Amino acid sequence: MKLLEERILKDGNILGDNILKVDIFLTHQVDFQLMQEIGQVFADSYAQAGITKVVTIEASGIAPAIYSAQALNVPMIFAKKHKNITMTEGILTAEVYSFTKQVTSTVSIASKFLSKDDKVLIIDDFLANGQAAKGLIEIITQAGSQVVGVGIVIEKSFQDGRQVLEDMGVQVTSLARIKNFENGQLNFMEADA
Ligand code: G4P
């Protein structure tokens, strides 16, 4: 997605060896117009797939996911990282290990929001090692729903997340694919949409 790549080059900051800071438009302050365009591109990519739900994980996945859901005209569900006192009914959970933070967290979705008839598009802001998306796939599969694809705003293609998800038989659609950060320079490879 050309517009997104241009925005990353304009407003993204490389931190250390492998972290891209995009808090100006995605992970802290959110550019809703860009998110709306991103949502439309995901919706167009999966227009023929019969998607019935969009699923993401809090927090930064929510903005691109809500606009994708709007464009597809389906509900959006975000997995919770902390159990809420109102989550009293059946919940589906998965353990997610973050290589970046070196912690394991339990993510959950109330089982009433997913059924055997659902065809799900997962949306997330970053794909690094793929553990968050893998956890979501596990939860959605527990519900008996079908994961149709994973839509990613920014994929760090030098990490193994894409391989992890493709090995699970899931299609990945990334709007920007970062090949590497070389000498403080960000290089893209061809994106999926
Ligand atoms: P994984 O899910 O692909 O395995 O990713 P990993 O555990 O390595 O990442 C942990 C968190 O860090 C995730 O957000 C992920 O989106 C984010 N992250 C990974 N690489 C980058 C990066 O280069 N830049 C930025 N800005 N974030 C990155 P999270 O902890 O779930 O945070 P949030 O969504 O609640 O903000």
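Each ligand, and each atom within it, is numbered from 1 in the order the structure gives. Computed from a predicted structure; not experimentally measured.
For the pair Lys81 and Glu58, the salt-bridge criterion is not met [side-chain N within less than 4.0 Å of a carboxylate O]. In summary, Glu6 and Lys10 do not engage in a salt bridge, as defined by a charged side-chain N under 4.0 Å from a carboxylate O.
Looking at Thr173 and Asp192, their side chains never bring a donor and an acceptor atom within 3.5 Å of each other.
Less than 4.0 angstrom separates some heavy atom of Ser60 from each of these atoms of ligand 1: 33 (P), 34 (O), 36 (O). Those atoms of ligand 1 with a heavy atom of Phe99 less than 4.0 angstrom away are 7 (O). Proximity to Lys101 (heavy-atom distance under 4.0 Å) selects the following atoms of ligand 1: 29 (P), 30 (O). In the vicinity of Lys81, heavy-atom distances shorter than 4.0 Å reach the ligand 1 atoms 29 (P), 30 (O), 31 (O), 32 (O), 33 (P), 35 (O). Remark: ligand 1 atoms within the under-4.0 Å shell around heavy atoms of Asn129 are 1 (P), 3 (O), 4 (O), 5 (O), 8 (O). The distance from ligand 1 to the heavy atoms of Leu20 drops below 4.0 Å at these ligand atoms: 22 (C), 23 (O), 24 (N), 25 (C), 26 (N). Residue Asn18 has at least one heavy-atom neighbour below 4.0 Å for each of these atoms of ligand 1: 23 (O).
Close N/O approach between Ala133 and ligand 1 is not found [any backbone or side-chain N/O within under 3.5 Å]. Between Thr27 and ligand 1, not a single N/O pair is under 3.5 Å apart. Note: an N/O pair closer than 3.5 Å links Ala128 and ligand 1 by distance alone. Between Lys21 and ligand 1, no N or O atom pair is found at a separation short of 3.5 Å.
Here the side chains of Ile14 and Gln185 are not in contact, with every heavy-atom distance at 4.5 Å or above. Phe42 places a side-chain heavy atom less than 4.5 Å from the side chain of Val153. Side-chain atoms of Leu34 and Leu26, non-hydrogen and from C-beta on, never get closer than 4.5 Å to each other. Proximity of Leu3 to Arg7: side-chain heavy atoms (C-beta onward) are nowhere separated by under 4.5 Å. Annotation: side chain of Asp44 is in contact with side chain of Gln40 (closest heavy-atom distance under 4.5 Å). Side-chain contact between Leu127 and Leu165 is present, with at least one heavy-atom pair separated by less than 4.5 Å. Side-chain contact between Val22 and Phe126 is present, with at least one heavy-atom pair separated by less than 4.5 Å. Between Tyr46 and Gln171 there is a side-chain heavy-atom pair separated by less than 4.5 Å.
In this structure, Gly130 is part of the shell of residues with a heavy atom less than 4.0 angstrom from ligand 1.
Less than 4.0 angstrom separates atom 12 (O) of ligand 1 from none of the non-hydrogen atoms of the protein. Proximity of atom 33 (P) of ligand 1 to the protein is indicated by at least one non-hydrogen atom lying closer than 4.0 angstrom. Distance check for atom 21 (C) of ligand 1: a protein heavy atom is found below 4.0 Å.
For atom 4 (O) of ligand 1, the closest heavy atom belonging to the protein is Gln131 N, 2.9 Å. Residue, atom and distance of the protein heavy atom nearest to atom 10 (C) of ligand 1 are Ser98 OG, 3.4 Å. Among protein heavy atoms, atom 2 (O) of ligand 1 sits closest to Ala132 N, 3.0 Å. Nearest non-hydrogen protein atom to atom 15 (C) of ligand 1 is Phe126 CB, 4.2 Å. Nearest non-hydrogen protein atom to atom 9 (O) of ligand 1 is Thr100 OG1, 3.5 Å.
The six-membered or imidazole ring of Phe181 lies near that of Phe158, with a centre-to-centre distance under 6.0 Å.
Contact annotation for Asp125 and ligand 1: only side-chain heavy atoms (C-beta onward) come within less than 4.0 Å of the ligand.
Atoms OG1 and CG, on Thr56 and Asp124 in that order, are 4.5 Å from each other to the nearest 0.5 Å.
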